[in-house]
Protein chains: 2
Amino acid sequence: MAKIDDVARLAKVSKGTVSNVFSQKRPTSNEVRERVMSVSRQLNYVPNHTARSLVTKKTMAIGLTIPHGSFFFSAFHTQFINGVILEAASYGYRVLLDIIPVHEVKTPFLTSYPIDGAVVMRPTANDERITLMHMGQIPFVTVGHVMNENIEHSTSVDNDNAQMMSNICAYLVGKGHRDIMFLNANEHMTVSIDRRASFVEAMKEHGLDVEEHMIHHKPELNSSEYMDYGYEETMDILGKQQKKVTAIIADDDRTAFSVLNAVKDLNLSVPGDVSIFVICGDNSMMVQSNPSLTSMDLQPSELGAQSVRLLMHQLGVLQGEYEENIIVEGKIIERNSVSTIGSDEDRE
Amino acid sequence: MAKIDDVARLAKVSKGTVSNVFSQKRPTSNEVRERVMSVSRQLNYVPNHTARSLVTKKTMAIGLTIPHGSFFFSAFHTQFINGVILEAASYGYRVLLDIIPVHEVKTPFLTSYPIDGAVVMRPTANDERITLMHMGQIPFVTVGHVMNENIEHSTSVDNDNAQMMSNICAYLVGKGHRDIMFLNANEHMTVSIDRRASFVEAMKEHGLDVEEHMIHHKPELNSSEYMDYGYEETMDILGKQQKKVTAIIADDDRTAFSVLNAVKDLNLSVPGDVSIFVICGDNSMMVQSNPSLTSMDLQPSELGAQSVRLLMHQLGVLQGEYEENIIVEGKIIERNSVSTIGSDEDRE
DNA sequence: CGAGTTTATTAAACCGGTTTAATAACATTC
DNA sequence: GAATGTTATTAAACCGGTTTAATAAACTCG
């Protein structure tokens with residue numbers, strides 16, 4: 001590979017000038033610029049990324065830390081990542097996927113993080129990734145709020161879980177549902193904690209009490225119950241226990257599909273006997289489902305883009321004032337899995 | 001941030017020694033090592049990644065280039081990426097997601113690629129990403145074979161598409177199906193080209209001719225027909241044109257769901273009237289589907305891991321001989337979407 | 001037209017590590 | 001106990017760029 005000195009020599013200029021031609025940090029004359037570029041083309045020269053980084057102290061990469069433990073992508077992750085990559089690229093930044101629990105890096109590999117900042121997805125309570133970023137002086141943006149002690153000032157992007165749950169409940173109650181079962185995400189996730197509380201509160205505002213058996217949490221990824229989440233709960237509560245449930249809020253599309261199966265096995269129908277509302281799923285799947293599933297669109301891609309924009313502000317790439325905590329709207333997308341009940345009395 | 005000189009001074013050793021303590025490239029005495037580590041802990045010192053990279057000429061990162069154009073993840077991608085990340089991490093490598101068509105990088109951002117090698121997913125014919133890797137001297141492994149002129153010697157990981165199609169056809173024909181429609185992937189993808197040819201050939205071996213209307217290709221991602229792929233084709237061929245089709249091979253789970261809907265709208269049933277076989281999809285979705293979908297497991301995660309292992313061999317991280325082109329088996333997973341037909345005659 | 005200002009260029013220092021070649025300290029061997 | 005081999009340590013060169021401070025050349029303007 002040709003280096004800057006080779007170009008400088010052949011173009012009869014100093015390496016500082018060659019540097020300026022490429023970095024465009026100081027002006028260069030047309031004459032010189034063309035000579036340098038011409039020589040560079042001949043030699044196939046391109047500035048060395050690492051050398052540049054060493055002195056500028058910028059790696060032009062941001063980390064994207066996905067929740068570790070058992071690593072897994074859902075539709076939400078997928079679209080979120082999509083948003084992050086595209087937005088980052090528009091600022092010349094690359095995205096480094098990051099799942100290694102840092103304390104496990106063995107000595108000969110141990111180095112500083114080659115990133116300028118990070119987007120941390122779905123932090124858990126006292127998330128160590130966040131503690132590490134904080135210690136390592138790496139600017140970061142979280143998706144979902146931080147729940148670490150000793151860290152107060154943090155920028156984040158999130159859906160308004162309280163507002164969303166409130167909207168969902170209002171939507172369902174407005175359609176006559178009073179017995180709503182909530183199949184929540186895993187209980188360790190901060191979103192899950194928020195949503196649970198908001199759900200109970202929203203129901204209370206409609207004068208409805210939520211009994212314990214109406215809220216469930218997704219089992220751990222590697223547990224044996226994981227794959228049947230939604231099915232088992234539905235069979236148990238609606239079948240065996242014969243509790244009254246007219247609507248089910250499912251955390252994601254897969255859970256909803258499980259519920260769909262259980263409902264079918266109970267010889268009930270959706271949305272005739274039971275309505276289903278999905279919080280987060282793959283739109284194309286939910287459209288193709290039968291019946292198609294009414295859902296909340298969390299706009300994960302928009303969340304991703306916004307998180308990068310926030311990070312760029314922190315890195316000084318974007319100038320000006322900015323909100324430290326951005327809320328992205330969740331939008332209800334009506335499809336065919338929720339019916340209106342009790343309308344008989346209303347209309348007749 | 002503390003630097004190596006600070007540590008060297010306080011530990012009363014030369015920076016070269018400190019370097020050796022961390023990189024473990026040369027032996028150091030216990031006494032010295034402990035002194036250095038102790039000082040490092042005090043100062044919170046960690047070697048600077050960029051500085052190390054500059055001289056070792058290793059970034060300890062590999063690129064993962066996802067097919068560009070409109071960037072989108074399917075279940076295959078998701079699991080594949082999963083495999084790549086986990087395997088790479090075990091060698092101390094990080095993964096840089098890469099989707100920027102390189103020729104679009106604007107001047108002030110133009111630098112060499114900060115990666116040691118790359119995994120290129122699903123190359124298209126004459127893929128420019130590959131040409132660039134080749135020119136830039138960056139070792140790479142492809143998933144699916146290369147179809148670039150002037151590049152002959154390439155390492156790759158792949159499923160045996162011919163064998164797979166042959167197995168699928170044998171499976172379906174064995175169950176009495178003779179009229180099989182194939183909803184293939186997008187026609188620009190090399191897998192799609194391979195599979196089409198293999199499908200026709202496999203059918204021929206069973207003495208069956210494939211008519212033109214029995215093979216379709218997924219529309220472009222941003223086209224209006226994209227979302228309805230599977231539905232439209234089924235409605236048209238089985239409905240409007242009233243062609244005889246007893247089994248449909250769908251490229252992915254979503255396409256299969258579309259087909260499922262069309263079949264329902266035609267007042268037919270799966271697998272009673274029409275059988276469905278999925279080539280690649282999210283297992284948890286296919287299990288939850290009703291009926292659950294029989295599919296070919298491409299083992300994307302295994303493909304990802306193998307591709308990294310190949311790359312590590314090329315980078316000299318792994319020693320010893322190795323296959324340049326690895327084939328990962330596709331396994332048929334029987335569920336409930338394929339029925340045996342014509343068995344009446346056989347048995348009676 | 002000469003003092004003052006602006007603009008493009010450059011030589012040298014610098015970023016923070018690794019690596020080479022030299023050396024000092026300690027073990028072996030005969 | 002001198003000659004040889006081994007091991008840990010170090011000073012200095014080096015990786016390939018950017019940046020600073022100095023300078024030369026080209027403009028302003030009274």
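Quick note: numbers below take in every heavy atom, side chains included, and nothing from hydrogens, waters or symmetry partners. Labels below follow one simple rule: chain letters A, B, ... track the order of the sequence lines, proteins then strands, and each chain is numbered from 1. The structure presented is a predicted model; accordingly, all values stated were derived computationally and were not measured.
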inquiry  = With side chain to side chain donor-acceptor pair (under 3.5 Å) as the criterion, how do B:S112 and A:N48 come out once you've worked through the C-alpha distance, each side chain's angles and the decisive distance to 0.1 Å?
reply    = CA-CA 5 Å; B:S112 62; A:N48 180 294; 4.5 Å; no

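When side chains are defined from C-beta on, B:F140 does not count as touching B:Q314, because their heavy atoms never get closer than 4.5 Å.
In this structure, CZ of B:R33 is placed 15 Å from P of D:dT7, rounded to the nearest angstrom. Whole-Å rounding puts the A:F22 CZ to D:dG17 C1' distance at 12 Å. One can place CZ of A:R35 at 15 Å from P of C:dA8, the figure rounded to the nearest angstrom. Taking atom CG of B:D6 as the reference point, atom P of C:dG17 lies 9 Å away to the nearest angstrom.
Residue A:E323 places its CD atom among 12 or fewer non-hydrogen atoms of other residues, nucleotides or ligands, all under 6.0 Å distant.
There is no side-chain donor-acceptor pair under 3.5 Å between A:N82 and A:S301. When only modelled atom types and interatomic distance are considered, A:T17 and A:S14 share a side-chain donor-acceptor pair under 3.5 Å. For the residue pair B:T155 / B:N325, no side-chain donor-acceptor distance below 3.5 Å is found, with atom types taken as modelled.
B:N44 contributes no side-chain N or O that, together with a main-chain N or O of B:S40, makes up a donor-acceptor pair within less than 3.5 Å.
Under 4.0 angstrom from either OP1 or OP2 of C:dT19 there lies at least one side-chain N or O belonging to B:K25.
Classification of A:K3 and A:D6 as a salt-bridged pair fails, no side-chain N sitting under 4.0 Å from a carboxylate O.
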request  = Dot-bracket for DNA chain C, please, read 5' to 3', with Watson-Crick or G-U wobble pairs under 3.5 Å on both distances, ( ) within the strand, [ ] crossing, | other strand, . unpaired.
outcome  = ||||||||||||||||||||||||||||||

Could you go through nucleotides 9-16 of chain D and list every protein N or O atom that sits under 3.5 Å from one of its N or O atoms, giving the distance for each pair?
{"from": "D:dT9", "atom 1": "OP1", "to": "B:S29", "atom 2": "OG", "distance (Å)": "2.7"}
{"from": "D:dT9", "atom 1": "OP2", "to": "B:S29", "atom 2": "N", "distance (Å)": "3.1"}
{"from": "D:dT10", "atom 1": "OP2", "to": "B:S14", "atom 2": "N", "distance (Å)": "2.9"}
{"from": "D:dT10", "atom 1": "OP2", "to": "B:S14", "atom 2": "OG", "distance (Å)": "3.4"}
{"from": "D:dT10", "atom 1": "OP2", "to": "B:T17", "atom 2": "OG1", "distance (Å)": "2.8"}
{"from": "D:dC15", "atom 1": "O3'", "to": "B:K57", "atom 2": "NZ", "distance (Å)": "2.9"}
{"from": "D:dG16", "atom 1": "OP1", "to": "B:K57", "atom 2": "NZ", "distance (Å)": "3.1"}
{"from": "D:dG16", "atom 1": "OP2", "to": "A:K3", "atom 2": "NZ", "distance (Å)": "3.0"}

